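Before I ask anything, let me first share the structure, which is written out below as structure tokens.
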Amino acid sequence: MRIENEGEDVSAPPKHLVFAYYVTGHGFGHATRVVEVARHLILAGHDVHLVSAAPDFVYTTEIQSPRLHIRKYHETAVVPRNSILKTEVEWLNSIKADLVVSDVVPVACRAAADAGIRCVCVTNFSWDFIYADYVLAAGHHHRSIVWQIAEDYSHSEFLIRLPGYCPMPAFRDVIDVPLVVRRLHRSRKEVRKELGIEDDVKLLILNFGGQPSGLKLTEDHLPPGWKCLVCGASDKDELPPGFIKLARDAYTPDLIAASDCMLGKIGYGTASEALAYKLPFVFVRRDYFNEEPFLRHLLEFYQCGVEMIRRDLLTGHWKPYIDRAMSLKPCYAGGVNGGEVAARILQDAAVGKYYVSDKLSGARRLRDAIVLGYQLQRMPGRDPDLCVPEWYANAQNEMGRRSGSPKLGADGALENSDSLYTESFEILHGDLRDLHDTKSFLNSLADLAKDFEKDVKHHTREYKAATAFFNWEEEIFVARAPGRLDVMGGIADYSGSLVLQMPIKEACHVALQKNHPNKHKLWKHAQARQQDKGQGPTPVLQIVSFGAELSNRGPTFDMDLSDFMEGDKPISYEKAQQYFSRDPSQKWAAYVAGTILVLMTELGVRFENSISMLVSSAVPEGKGVSSSASVEVASMSAVAAAHGLDISPRDLALLCQKVENRVVGAPCGVMDQMASACGEANKLLAMVCQPAEVLGLVEIPNHIRFWGIDSGIRHSVGGADYGSVRVGAFMGREMIKSSASDTLSHSQSINDVANSSDDTNGSELIGTEANLEYLCNLTPHRYEAAYANVLPESIDGETFLERHGNHNDPVTVIDSKSSYAVRAAARHPIYENFRVKAFKALLTSAPSDDQLTALGELIYQCHYSYNACGLGSDGTDRIVELVQQMQHSRSSGLEDPALYGAKITGGGSGGTVCVIGRNSMRSSQEILEIQQRYKKATGYMPFLFEGSSPGAGMFGYLKVRRRPSLK
């Protein structure tokens with residue numbers, strides 16, 4: 001049913017009514033639309049009791065009436081459900097509520113039912129839909145929460161549904177109303193006059209739902225002739241010229257209507273007001289927020305929205321988006337009196353008038369259920385409308401009040417970045433090795449300590465959590481581990497290949513402190529959990545991940561360390577995988593906390609103290625540069641240092657591989673962890689992955705340089721392509737062994753009959769191949785001579801299992817219903833091992849053009865071998881083609897080439913391309929030119945990896961303590 005009667009006031013019913021209106025605490029959008037509905041109810045002579053966590057000014061700016069009552073709620077997340085229900089039922093009865101209204105608090109619907117009061121929901125989405133991914137991705141506990149939410153909603157009489165709605169099958173009956181939009185108080189001309197903005201000046205409003213944007217604004221962010229109104233800026237923020245700070249309680253509808261364009265995040269409030277006032281809206285996606293696609297479609301349908309990638313938001317590349325937005329012609333012509341219409345419906349419902357939806361209600365619920373089903377079943381990366389693209393892996397570290405690079409002062413000299421941490425901390429052990437990113441990390445720790453001392457309030461959850469969870473008087477251990485650039489070897493590592501890896505400049509830092517449980521500072525929900533268990537202080541692990549907003553993670557994680565024990569033994573790795581898979585937003589914690597479980601399981605370590613860990617990584621995720629390995633190695637290094645464990649870098653890398661294989665469940669080889677743990681700056685780590693034999697470090701000749709160019713296509717070793725290629729390679733190995741065994745049996749039978757020993761050497765060779773442990777121990781000529789024609793192009797899992805039993809890979813599982821490419825997957829590591837050996841030998845040869853050309857050719861061959869396995873991508877192919885164009889355009893002229901080769905890296909299917917060239921100014925210029933050409937062709941500006949840094953073993957660890965004078 002749709003109701004759109006314009007201009008009809010809410011006439012008062014025969015009796016005075018009391019409404020209890022519950023408002024969810026997630027953002028201001030809910031509160032701003034509730035204001036409009038509540039205002040019309042109060043105008044009709046009723047009392048409205050708002051239950052909200054939003055600041056009072058959001059309501060009182062618009063409603064000044066003794067009939068408005070505001071009840072605040074806090075920290076309900078750590079209060080047992082039964083206690084909440086009991087409290088709310090008593091309160092509803094005490095105020096003699098005639099109707100409960102929910103936007104869109106599930107437990108309010110159940111409380112209303114328990115109190116015997118009707119309930120109606122007013123919303124454009126419901127929380128069972130927002131948390132839909134948990135149903136399939138999480139464990140039973142989280143599924144039951146989703147079912148509980150849906151059951152709570154079923155107690156609602158009906159739903160008043162707002163435009164931009166999501167599927168909501170939990171509601172039986174639905175009434176559609178127009179947009180709920182707050183009214184204007186002043187005209188555009190009056191607002192601009194008050195702000196001192198001339199008529200010919202273009203005005204942008206920066207609006208992130210009343211929250212601080214966290215942007216480092218500069219004057220050149222704005223196009224010429226523009227000024228910007230900034231919502232939610234703190235009193236301490238100093239804005240550059242052209243930016244105007246608005247008061248926290250500024251009435252944003254007037255400001256939006258007075259502006260020419262809006263820049264912010266998508267939410268119901270911003271979207272509805274942009275549509276109502278026909279204001280072009282440049283928006284940034286809200287990652288992993290299921291409501292967003294539907295509001296985005298609403299904006300785009302009415303020619304009102306332009307999407308901006310987050311990296312360009314952070315770096316100030318605003319002009320193209322604003323120009324595009326100003327070319328739009330917003331055309332929303334629907335009603336904007338949804339508040340008035342909804343109030344009238346609520347009033348009628350309170351006096352017993354029922355709204356019966358149309359006859360298609362059953363069909364509507366079925367349609368919503370089908371849409372919700374697709375939402376639940378979707379594969380990541382397959383649906384461009386519902387899935388989140390990879391826009392910004394390394395735009396800015398959330399810890400990034402400083403970058404990892406030295407800064408120039410006003411006089412052009414390097415600023416002294418040592419002053420803050422040297423004033424704050426005493427270094428008791430270790431050497432910074434003049435690493436600017438480590439100095440920056442220590443400066444950030446010093447900032448946190450000072451903020452704790454001054455009781456500074458932060459807006460981001462990770463800062464709130466990190467400021468208070470260290471005991472700043474006690475020792476803190478700091479470890480560092482870099483990412484790596486895969487120069488040669490790549491996915492051949494799991495087949496035993498020689499690999500050459502270079503540790504990159506970007507690294508992960510982990511700060512760790514251990515405390516006796518009695519002294520450990522617990523977060524409130526962790527305290528509530530222990531109290532609920534009826535136990536005293538027990539060891540707890542608390543982790544804060546800086547950069548969560550940029551990396552789609554929950555910013556904090558905590559657990560009782562007893563959760564890792566089953567009786568007197570550690571839990572199995574399988575149970576650990578299930579444990580960390582319960583909550584998709586916190587699955588990242590497996591990379592950190594998993595190091596503790598592996599140490600317990602493999603080395604018998606027991607942890608009696610509580611542990612606090614702060615993780616800050618500048619290694620971008622999804623780029624194929626081992627972001628996960630750097631987190632694992634830094635985390636385990638910090639744990640080992642704090643607990644006095646003497647673990648060699650090689651052994652630590654092997655333990656970290658177990659974290660990724662067994663706890664996280666990603667089927668990676670060991671080269672990533674080895675490079676992060678054992679590498680040295682400006683050298684290639686040479687290692688034979690059988691399983692991890694370090695041959696040594698290979699000096700990079702002074703005339704040669706390596707770069708990494710990010711394609712912008714997200715890579716994951718947990719992805720289906722990488723896993724299926726690995727399965728195919730292990731299938732190929734088993735088929736080769738089987739063929740060799742058959743040949744050996746046949747030749748032995750012939751030799752027995754002939755009583756001859758002429759073929760003994762050949763039999764020994766075939767015998768070795770019949771017991772082949774690593775594919776890379778088979779040479780290319782033996783592969784071509786004996787086995788290339790034996791391997792099929794592909795085979796389905798069921799057929800392979802029937803013929804061979806298993807593929808004997810401990811970290812992958814064959815799906816009997818899937819088909820696997822075998823020949824290309826097996827051929828790649830055999831030839832790659834040969835290429836890497838040749839590459840290593842060439843690096844030590846005399847410098848020449850022939851040397852560089854040969855090195856480049858080997859790299860190119862590796863790239864196309866990846867593609868043959870199905871691990872290529874359009875983005876990486878484009879970068880390789882750009883390198884070739886640059887190389888051949890130079891070689892055809894008078895100049896020698898500066899760039900000689902390029903290849904996809906790591907697990908493939910996107911990620912980073914490794915480029916080899918001369919160590920010269922011209923090669924660097926050509927890399928930058930390739931970066932610009934790629935951006936022009938794709939719209940994406942690649943991240944460049946340049947430089948190198950020491951591995952975790954070479955760095956060691958720092959032990960720091962805050963100086964007594966600052967306590």
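None of the values given here were measured: they were computed from a predicted structure.
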- Partner set under ring pair (Phe, Tyr, Trp, His ring centres under 6.0 Å) for His643, not counting sequence neighbours: Phe607

- Message: According to salt bridge (charged side-chain N to carboxylate O under 4.0 Å, His left out), does anything in residues 591-610 pair up with another residue at least two apart or in another chain? List the pairs.
- Response: none

- Query: Just checking, is any N or O donor in the side chain of Gln690 or Glu773 under 3.5 Å from an acceptor N or O on the other one?
  - Reply: no

- Ser617 side chain to Val619 backbone, donor-acceptor under 3.5 Å: yes

- Set of side chain to side chain donor-acceptor pair (under 3.5 Å) partners for Thr799, sequence neighbours left out: Asp796

- Query: Got a salt bridge between Arg662 and Glu574, using NZ or NE/NH1/NH2 to carboxylate O under 4.0 Å?
  - Reply: yes

- Note on the structure: The salt bridge (charged side-chain N to carboxylate O under 4.0 Å, His left out) partners of Arg803 (sequence neighbours excluded) come to none

- Query: Checking Tyr820 side chain against Asp815 main chain: does a donor-acceptor pair fall under 3.5 Å?
  - Reply: yes

- Using a 4.5 Å cut-off on heavy atoms from C-beta on, say whether the side chain of Lys587 contacts that of Ser581. yes

- Query: Any side-chain heavy atom of Met735 within less than 4.5 Å of one from His804?
  - Reply: yes

- Query: Among all residues two or more places apart in sequence or in another chain, which pass the ring pair (Phe, Tyr, Trp, His ring centres under 6.0 Å) test with His516?
  - Reply: none

- Contacts of Lys514 meeting salt bridge (charged side-chain N to carboxylate O under 4.0 Å, His left out) (sequence neighbours excluded), chain-then-number -> none

- Does Asp721 come within less than 4.0 Å of Arg726, counting only side-chain N to carboxylate O? no

- Listed partners of Glu793 passing side chain to side chain donor-acceptor pair (under 3.5 Å), at least two apart: Arg823

- Evaluate side chain to side chain donor-acceptor pair (under 3.5 Å) for Thr812 paired with His807, printing each intermediate quantity in order. CA-CA 9 Å; Thr812 58; His807 67 326; 2.9 Å; yes

- Given the rule in the ring-ring contact (aromatic ring centres under 6.0 Å, His included) test, do Phe580 and Phe557 qualify, once you have shown the distances and angles that lead to the verdict? CA-CA 10 Å; Phe580 288 109; Phe557 173 84; 5.8 Å; yes

- Message: As a quick check of understanding, evaluate side chain to side chain donor-acceptor pair (under 3.5 Å) for Ser562 and Asp560, giving each step before the final call.
- Response: CA-CA 5 Å; Ser562 59; Asp560 295 338; 4.7 Å; no

- Task: Answer yes or no: is there a donor N or O on one side and an acceptor on the other, between the side chain of Tyr866 and the main chain of Ile491, under 3.5 Å?
- Result: yes

- Sorted by chain and number, sequence neighbours left out, salt bridge (charged side-chain N to carboxylate O under 4.0 Å, His left out) with Glu734 holds for Lys737

- Thr876: what forms a side chain to side chain donor-acceptor pair (under 3.5 Å) with it, not counting sequence neighbours? Ser873

- Under the ring pair (Phe, Tyr, Trp, His ring centres under 6.0 Å) test, residues paired with Phe469 that sit two or more places apart: Trp523

- Query: Considering residues at least two apart in sequence or located in another chain, which fulfil the salt bridge (charged side-chain N to carboxylate O under 4.0 Å, His left out) criterion with Arg650?
  - Reply: none

- Evaluate the side-chain proximity of Leu614 to Phe470: yes if any heavy-atom separation is below 4.5 Å, no if none is. yes

- Message: Test your reading of the model: is there a side-chain donor-acceptor pair from Ser497 to the backbone of Ala492, 3.5 Å cut-off?
- Response: no

- Task: Could you list the residues that satisfy ring pair (Phe, Tyr, Trp, His ring centres under 6.0 Å) with Phe564, not counting sequence neighbours?
- Result: none

